[in-house]
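For clarity, every value in this text was computed on a predicted model and none was experimentally measured. Because only heavy atoms are used, hydrogens play no part in the values below, and waters and symmetry mates are left out as well, while side chains stay in.
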Amino acid sequence: QVQVVESGGGLVQAGGSLRLSCEASGNTFSLNAIGWYRQAPGKQRELVATISSGARTNYADFVQGRFTISRDNAKKTVYLQMHDLKPEDTATYYCRMGTSVWGQGTLVTVSS
């Protein structure tokens, strides 16, 4: 069964940085687009960034150049490098492979 597992969340002060990882199982990783999403308490899940199988990237407007998504197909891993974090970035961050494989999420908390 194909799965994705997120890691790298934690507590950071405003202005700090974190790198999230999304590691996949199975043999179809390189063929799939991967997306990072986030969900803050009481809010709907929203798209943060995506990367296609050909490494084309797309970002939500609120990222404003602070985040970078990348992929390492040999490691079956997608990264989300986040800089200049803000308290409003506090959320559980989820990885999605393709259209239906979701991870359990990793919590990012940004203190002011």
Side-chain angles (χ1 to χ4, degrees):
Q1 185 175 359
V2 176
Q3 294 180 327
V4 293
V5 178
E6 303 93 337
S7 62
L11 174 63
V12 63
Q13 289 187 332
S17 300
L18 282 175
R19 188 177 79 159
L20 306 183
S21 299
C22 169
E23 185 173 0
S25 62
N27 298 317
T28 61
F29 176 82
S30 64
L31 303 176
N32 279 282
I34 307 293
W36 281 101
Y37 296 75
R38 70 185 189 184
Q39 187 167 18
K43 294 188 177 181
Q44 289 190 332
R45 193 171 297 189
E46 61 182 353
L47 175 69
V48 177
T50 61
I51 186 165
S52 71
S53 58
R56 182 180 304 172
T57 60
N58 181 59
Y59 297 93
D61 289 343
F62 61 76
V63 169
Q64 297 178 331
R66 301 180 297 129
F67 299 175
T68 302
I69 189 171
S70 61
R71 66 189 298 158
D72 184 336
N73 289 337
K75 295 183 178 180
K76 300 181 183 179
T77 301
V78 166
Y79 304 99
L80 185 68
Q81 178 69 56
M82 305 186 293
H83 295 296
D84 190 23
L85 284 162
K86 305 174 181 181
E88 52 263 42
D89 294 317
T90 295
T92 298
Y93 284 70
Y94 297 90
C95 171
R96 188 183 80 173
M97 186 169 72
T99 59
S100 60
V101 181
W102 289 92
Q104 294 300 306
T106 186
L107 179 62
V108 172
T109 303
V110 184
S111 63
S112 57

query = Does the pair Met82 and Tyr93 meet the rule for a side-chain contact (heavy atoms from CB on, under 4.5 Å), with working shown?
reply = CA-CA 12 Å; Met82 305 186 293; Tyr93 284 70; 3.9 Å; yes
inquiry  = Would you say Asn58 and Arg56 are linked by a side-chain donor-acceptor pair, where the criterion is simply a distance under 3.5 Å?
reply    = no
Considering all heavy atoms, the nearest Leu85-Arg66 contact = CA-NH1, 3.9 Å
task = Could you tell me which non-hydrogen atom of Leu80 sits nearest to which non-hydrogen atom of Ala49, and how far apart they are?
result = CD1-CB, 4.3 Å
task = Flag this pair as yes if the NZ/CZ of Arg19 is under 6.0 angstrom from the six-membered ring centre of Tyr79 and inside a 45 degree cone about the axis; otherwise no.
result = yes
task = Group every Ile, Leu, Val, Met, Phe, Trp and Tyr by side-chain heavy-atom contacts under 4.5 Å, then state whether Val63 and Tyr37 land in the same group.
result = no
request  = Grab the two heavy atoms, one from Asp72 and one from Phe29, that are nearest each other, plus how far apart they are.
outcome  = O-CE2, 3.9 Å
request  = Please check if Phe62 and Ile51 belong to a single hydrophobic cluster, counting links between Ile, Leu, Val, Met, Phe, Trp and Tyr side chain heavy atoms closer than 4.5 Å.
outcome  = yes
task = Provide the closest heavy-atom pair for Cys22 versus Ile34 in the form atom of the first, atom of the second, distance.
result = SG-CG2, 4.5 Å
key: Nearest-0.5 Å distance, OG1 of residue Thr77 to CG of residue Leu20   = 12.5 Å
note = Nearest heavy-atom approach of Trp36 to Val78 is NE1-CG1, 3.6 Å
ask   = Considering only heavy atoms from C-beta outward, does the side chain of Ser17 approach that of Val12 to under 4.5 Å?
value = no
Under 3.5 Å, side-chain donor or acceptor atoms of residues 97-112 against the rest of the protein: list the pairs with distances, not counting sequence neighbours.
from   : atom 1 : to   : atom 2 : distance (Å)
Thr106 : OG1    : Gly9 : N      : 3.0

task = Mark yes or no for whether Thr68, through its side chain, and Gln81, through its backbone, hold a donor-acceptor pair below 3.5 Å.
result = no
key: NZ/NE/NH1/NH2 to OD/OE distance under 4.0 Å, Glu46 and Arg38   = yes
request  = Could you give me the CA-CA distance, side-chain angles and deciding distance for Gln64 and Lys86, then say whether side-chain contact (heavy atoms from CB on, under 4.5 Å) is met?
outcome  = CA-CA 12 Å; Gln64 297 178 331; Lys86 305 174 181 181; 3.6 Å; yes
ask   = Checking Arg71 side chain against Ala33 main chain: does a donor-acceptor pair fall under 3.5 Å?
value = no
inquiry  = If I compare all heavy atoms of Tyr59 with all of Ile69, which pair ends up nearest, and what's the gap?
reply    = OH-N, 2.9 Å
